There are 2 protein chains.
Amino acid sequence: MNIGDVAKRSNLRAKTIRYYEDIGLVTPLRDTNDYRVFRDSDLHKLTFLARARALGFTIDDCRALLTLYADETRASSDVKEITNKHLKEIEAKIVDLQAMHATLSHLAKECAGDHRPDCPILQGLSGEDRNPSNETDTK
Amino acid sequence: MNIGDVAKRSNLRAKTIRYYEDIGLVTPLRDTNDYRVFRDSDLHKLTFLARARALGFTIDDCRALLTLYADETRASSDVKEITNKHLKEIEAKIVDLQAMHATLSHLAKECAGDHRPDCPILQGLSGEDRNPSNETDTK
DNA sequence: ATGCGAGGTTCCAGTAAGGGGAAGGTCAAG
DNA sequence: CTTGACCTTCCCCTTACTGGAACCTCGCAT
């Protein structure tokens, strides 16, 4: 198979596949014309990579997972450890994003969004407390 | 103020502040010894940037927001538009992450995580249907 | 044989948003 | 006068690719 075929079948782009070869994730053969020649095993690896990447694993994780996948004597605990670490990172990101979302949607809700310049969003970003009810009146 | 002070007060690192100057977000003065000299207005801008960045706005968005902030004739709708666009991106990311999390936690739940090599996670990544109940028995 | 378009190849540069670290100038204190 | 904490510029590194230029190759139609 040439790179175009493998790209279609693995759901990766040719560019990505070349990159994966560059960083040593796959090692296709070469034809006399220098074209890459992919075996079924290469396709299999690339499909694996596409799935793992789609699930958010880093390239480093993917490398480790591929190694474990190829190792018949692996312990499933090693795989699970990588996965659980990744799950925790996902959870942390979700929490972060939800916090941002809460703050921003709160500010946006209070913003008229019309032609006037007054804007609670900008006030929030600039650190003005737009509801200074519990502060001593210092003005 | 020197860069160290501003860093502490703005919650940004000195490196970041130099970078922001590089890309034209702030333009501190210079002392005779080449040290950057930050005015209150610079500190204010940097604090604004720190907050906006912490809320996930891109540098480009920050630049636009700063411009709007400085523009007394702005329309709050412009600010709100940027914010709503960002909110939608946040929502999309959360949805993506939740989907990954669902798939991965499902796989992880089925993985024994012990010394044995059998691993539903790897099977899932490799495209094996680890629950081939509705497939013809081809073995 | 020739031309063409659709493949393939390498290499270089750029992305976002800084981080790390080297090599060196400056300042205040003891 | 030296020490340590600042500050400066400069350049490369990061992640995971993406885009483009310049060029080669293949199969097919003329």
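Keep in mind it's a predicted model, so treat the numbers as computed, not measured. Order of the sequence lines sets the chain letters (A, B, ...), proteins ahead of strands, with each chain counted from 1.
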Inset, instruction - Answer yes or no: is there a side-chain heavy-atom contact under 4.5 Å between B:Y20 and B:T16? - result: yes
Legend entry - A:N2 CG to D:dC26 C1', straight-line distance once rounded to whole Å: 10 Å
Inset, instruction - Kindly state which residues belonging to residues 82-101 of chain B come within less than 4.0 angstrom of DNA chain D, counting heavy atoms of the residue only, listed by number. - result: none
Legend entry - Letter per nucleotide, 5' to 3', of nucleotides 14-25 of chain D [B base touched, S only sugar-phosphate touched, - untouched; heavy atoms, 4.0 Å]: --BBSBB----B
Inset, instruction - Verify the neighbour count for atom CZ of B:R39: are there more than 12 heavy atoms of other residues, nucleotides or ligands below 6.0 Å? - result: yes
Inset, instruction - Provide the closest heavy-atom pair for A:R53 versus A:C62 in the form atom of the first, atom of the second, distance. - result: CD-SG, 3.8 Å
Inset, instruction - Please test A:L46 against A:V6 for side-chain contact (heavy atoms from CB on, under 4.5 Å), starting from the C-alpha separation and ending with a verdict. - result: CA-CA 8 Å; A:L46 289 166; A:V6 193; 3.5 Å; yes
Inset, instruction - Find out whether B:S76 and A:D118 are in side-chain contact, i.e. whether some heavy atom of one side chain is under 4.5 Å from a heavy atom of the other. - result: no
Legend entry - Closest-nucleotide 5' rank along DNA chain D - winner of A:T32 and B:R36: B:R36
Inset, instruction - Please identify each residue that fulfils side chain to side chain donor-acceptor pair (under 3.5 Å) with A:R51, with sequence neighbours left out. - result: none
Inset, instruction - Under the side chain to side chain donor-acceptor pair (under 3.5 Å) rule, collect the residues that match up with A:D78, sequence neighbours excluded. - result: none
Legend entry - Pairing residues for B:D61 by the side-chain contact (heavy atoms from CB on, under 4.5 Å) criterion, not counting sequence neighbours: B:F57, B:T58, B:I82, B:K85
Inset, instruction - Determine the contact category for A:I23: base if any of its heavy atoms lies under 4.0 Å from a base atom, sugar-phosphate if only primed atoms, P, OP1 or OP2 are that close, otherwise nothing. - result: nothing
Inset, instruction - Supply the atom-to-atom distance A:I121 CD1 to A:L104 CG, rounded to the nearest 0.5 angstrom. - result: 8.0 Å
Inset, instruction - Work out which heavy atom in A:S10 is nearest to a heavy atom in A:I17; give both atom names and the distance. - result: OG-CD1, 4.1 Å
Legend entry - Contact interval (first through last nucleotide) of DNA chain C with protein chain B, 4.0 Å heavy-atom: C:dA17 to C:dC27
